[in-house]
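First up is the structure itself, then whatever we jot down about it.
Throughout, residue positions are numbered sequentially from 1 according to the sequence presented. Any value given below was found using the heavy atoms of this structure, including those in side chains, with hydrogens, waters and symmetry copies removed.
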Amino acid sequence: MMDLMTSFLNLVVPPATMMMLAFSWPALCFINACEWVYNTLYTIEDMDGKVVIITGASSGIGEQIAYEYAKRRANLVLVARREQRLRAISEKARYLGANSAIVIAADVVKEDDCRRFVNETVNFYGRVDHLVNAASLGHTFYFDEVTDSSVFPILLDINFWGNVYPTFVALPYLHQSNGRVIVNASVENWLPLPRMSLYAAAKAALVNFYETLRLEVNNDVGITIATHGWIGGEMTRGKFMLEEGAEMQWKEEREVQASGGPVEEFARLIVSGACRGDAYVKYPSWHDTFLLFRVFAPNVLNWSFRLLLSAHGTRRTSMVGVGKPISEGGTGRYLMETTCPRKLPARPITFSKTE
């Protein structure tokens, strides 16, 4: 009897759901538009004097988010590994209008470090209003090319635990201030893209974690999940040499100044959405079209990607992150992309920082 009922529901529920969605979609869009207008006009949070912790603030999205909060006269706590770089960003943030900006060098995948920078923030300012988890780490290799699996925990650590640990430590203080957590996610959490398997898996876990946490904290703490497609970052602007040592500090090979572009626009949308109390910020929003195919016609999405890939001929490989030596100036090096390094095999590694 149960098998018969399941078979019946499998036949009836999908088309019935599609019809309901088709009829209700205009009304839902209208309601969302009215809600957006209301929030924009009446519920914008005044960040003047509020305290904002931003992880991954030394470059890319995190840096631009710091500038956006600075324009709203917030008190900033900038967290990353590169303290010297943070100091330059804090100076610019104060110039743009931040009431104050302090820098704390820390590794977000270490719970003790997270507890330290949250405690220092509370000791200095007495509160935490927004926690922005902007640290992220991408890769551009095919999974079957990897020969050194030491990259796996690095990718999962920064993209998942690097968000969970700061949230875990800051949550009691966010409850006190009815604050907000802002998460830097990615459209890859549901949209399958080649050469991003581990990154996509980590982002999917991250989004599911915060969706569940949203229900657990109810309305005591707000959660804004920001998702983006491809945007420019340091992965296309510079590389960083990582040398073995107790703390594995960054050694900058070159700094390339970033000009205006999608990173700035995405950061602006994130901060505006967080201050409105939005649950989601999407850039660009047209990626949602693919989500419909993913849910209702996954084969169409898979066929489309296969056609797009086959149109480019043989697959283009990237040796970055695979653990294989490549020739660079006549010497063999192992290439990988990261924002927050962990213990690795004792050999020089060149990193390209992503976001």
Side-chain angles (χ1 to χ4, degrees), residues 1-45 133 163 178 180-193 196 200-231 262 265-308:
M1 183 63 181
M2 184 59 69
D3 290 342
L4 183 62
M5 179 63 70
T6 301
S7 299
F8 175 75
L9 293 175
N10 286 339
L11 291 173
V12 174
V13 171
T17 302
M18 290 289 288
M19 291 183 63
M20 290 178 61
L21 183 62
F23 283 109
S24 62
W25 189 262
L28 291 172
C29 290
F30 177 75
I31 293 172
N32 288 336
C34 291
E35 185 180 41
W36 183 88
V37 171
Y38 176 82
N39 289 338
T40 301
L41 294 177
Y42 300 107
T43 63
I44 291 290
E45 183 177 2
N133 292 308
N163 290 261
N178 292 118
R180 177 165 295 272
V181 180
I182 296 90
V183 187
N184 176 30
S186 173
V187 71
E188 281 86 4
N189 79 86
W190 58 265
L191 184 64
L193 293 177
M196 306 193 78
K203 291 297 185 180
L206 185 67
V207 170
N208 278 279
F209 167 77
Y210 281 105
E211 293 286 17
T212 304
L213 183 63
R214 194 200 305 275
L215 298 175
E216 294 180 358
V217 298
N218 200 4
N219 293 321
D220 292 340
V221 177
I223 295 177
T224 297
I225 300 175
T227 58
H228 63 83
W230 175 258
I231 58 177
E265 178 63 22
F266 184 50
R268 196 155 40 243
L269 289 174
I270 290 176
V271 177
S272 296
C275 293
R276 276 196 308 268
D278 292 349
Y280 304 97
V281 173
K282 301 174 182 180
Y283 182 85
S285 58
W286 60 264
H287 279 115
D288 286 352
T289 305
F290 296 112
L291 181 57
L292 293 175
F293 284 98
R294 175 67 184 271
V295 174
F296 296 108
N299 287 336
V300 173
L301 189 63
N302 291 334
W303 294 335
S304 299
F305 273 109
R306 292 182 185 278
L307 286 173
L308 287 172

When rounded to the nearest 0.5 Å, the distance separating CG of L9 from CG of L4 is 9.5 Å
When rounded to the nearest 0.5 Å, the distance separating OG1 of T227 from CG of L206 is 11.5 Å
field: Step-by-step side chain to side chain contact (heavy atoms under 4.5 Å, CB included) determination, L269 to K282
entry: CA-CA 8 Å; L269 289 174; K282 301 174 182 180; over 6 Å; no
Which label fits F266 and Y283: parallel for a plane angle under 30°, tilted from 30 to 60°, or perpendicular past 60°?
tilted
When every non-hydrogen atom of T224 is compared with those of V281, the smallest separation belongs to CG2-CG2, 3.8 Å
Count the heavy atoms belonging to other residues, nucleotides or ligands that lie under 6.0 Å from CG of N299, then report whether that count exceeds 12. yes
- Item | side chain to side chain contact (heavy atoms under 4.5 Å, CB included) between L213 and E216, worked out | CA-CA 5 Å; L213 183 63; E216 294 180 358; 3.9 Å; yes
For R214 and A279, the nearest pair of non-hydrogen atoms, with its separation, is NH1-CB, 3.4 Å
Distance col, row I225:CD1 vs I182:CD1, nearest 0.5 angstrom, shows 11.5 Å
Rounded to the nearest 0.5 angstrom, the CG-CZ distance for D3 and F8 is 15.0 Å
Rounded to the nearest 0.5 Å, the CZ atom of R180 sits from the CD atom of E45 at a distance of 7.5 Å
Taken to the nearest 0.5 Å, the spacing of N208 CG from K203 NZ works out to 13.5 Å
Kindly indicate, with the supporting measurements, whether the criterion side chain to side chain contact (heavy atoms under 4.5 Å, CB included) is fulfilled by V181 and N133. CA-CA 8 Å; V181 180; N133 292 308; 3.7 Å; yes
Practice prompt. Under the side chain to side chain contact (heavy atoms under 4.5 Å, CB included) rule, what do Y210 and N163 come out as? Steps first, then yes or no, please.
Written response: CA-CA 10 Å; Y210 281 105; N163 290 261; 3.7 Å; yes
